Amino acid sequence: FASGCGKKENAGSIDTTKSVANNPAQAAANAAAQAAANAAPNKPMGPPIKSTALADYLPKLSGYEMKNPEHLDMNAMGMSYSMAKSDYTMGDSKVSVTIFDYNHQAGLAAAYSLFLNTYSMENDEEKVNSEQINGFPGWVDLHKKDNRGTVGIVVGNRIYVVIESSNVKSTDDLVAIAKSMDLAGIAKLTS
């Protein structure tokens, strides 16, 4: 959801005209990114939380085997990013949980909060809706035909928690994973 924003390089603005009718979720993401660009251009928030600190909040999922967490801390040309991710397997079921922080994310979080409180869309292929998860704004996205699900939460107006699976009929289990996480603890990292 947050990473689905595309830019027109030579126009310097987000392209909100591509595939609006065919992909309303992408249109919403594009509109939110444009609002973020207008609301807080190039306003850094300081360095991101270290990936090892983020990894401490990756959940332990009952019945799932947890792979070793991946870590990434990156700095390049004034942009900083950190990420902790782990994959979980149980039989044919695979879930991934990613927690990431980016030093220009405040504007994106502010813009997305408009959509994360009231957004819903459903067509033959996808169902997306906003949902409050443990008091934090989030979204739930189900790709019906290929059984992919995503739950995302914006924590502390800057850290994104994204839970994904490629083998789901509903997003209920992913929402349950999100609700089991210490999101309040993650939020404290931002203060």
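Everything numeric here is computed off the predicted structure, so don't read it as measured data.
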Name the atoms and distances for all side-chain donor-acceptor pairs under 3.5 Å in residues 52-60, with sequence neighbours left out.
none

Which atom pairs, one a donor and one an acceptor, fall under 3.5 Å between side chains of residues 172-190 and the rest of the protein, sequence neighbours left out?
| unit_1 | atom_1 | unit_2 | atom_2 | d |
| --- | --- | --- | --- | --- |
| Ser180 | OG | Ile177 | O | 2.7 |
| Asp182 | OD1 | Gly185 | N | 2.8 |
| Thr190 | OG1 | Ala187 | O | 2.6 |

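By the 4.5 Å heavy-atom criterion applied to side chains, Lys67 and Thr89 are counted as neighbours. Annotation: side chain of Asp124 is not in contact with side chain of Lys144 (no heavy-atom distance under 4.5 Å). Counting heavy atoms from C-beta on, the side chains of Lys85 and Pro69 never come closer than 4.5 Å. In this structure, Ile153 and Tyr160 have side chains that are not in contact, with every pair of non-hydrogen atoms separated by 4.5 Å or more. Taking 4.5 Å as the limit, every side-chain heavy atom of Arg148 sits out of range of all side-chain heavy atoms of Glu164. Using a 4.5 Å heavy-atom threshold, the side chains of Phe100 and Val162 count as touching.
With rounding to the nearest 0.5 angstrom, the CG atom of Asn75 is 12.0 Å from the CE atom of Met77. From Leu61, atom CG reaches atom CD1 of Ile163 across 8.5 Å, with rounding to the nearest 0.5 Å. Rounding to the nearest 0.5 Å gives a distance of 8.5 Å between CD of Glu126 and CG of Leu142. In this structure, CD1 on Ile99 lies 10.5 Å from CE on Met83, to the nearest 0.5 angstrom. How far NZ of Lys127 is from OG of Ser170: 9.5 Å, rounded to the nearest 0.5 Å.
When atom types are taken as modelled, the side chain of Ser165 and the backbone of Lys94 share a donor-acceptor pair closer than 3.5 angstrom. Between the side chain of Ser120 and the main chain of Asn129, no donor-acceptor pair closer than 3.5 Å is present. When atom types are taken as modelled, the side chain of Asp101 and the backbone of Ser82 share no donor-acceptor pair closer than 3.5 angstrom.
The two residues Val168 and Gly149 come nearest to each other via the heavy atoms CG2-N, 3.6 Å.
Classified by interplanar angle (parallel below 30°, tilted 30° to 60°, perpendicular above 60°), the ring pair Tyr88/Tyr64 is perpendicular.
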inquiry  = Checking Val97 against Ser86 for the side-chain contact (heavy atoms from CB on, under 4.5 Å) test, could you report, in this order, the C-alpha distance in whole Å, the side-chain angles of both residues, the deciding distance, and whether it holds?
reply    = CA-CA 6 Å; Val97 178; Ser86 189; 5.8 Å; no

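Defined by atom type and a distance below 3.5 Å, a donor-acceptor pair is present between the side-chain atoms of Asp73 and Ser51.
Within a 6.0 Å radius of CG in Asp146, more than 12 heavy atoms belonging to other residues, nucleotides or ligands are found.
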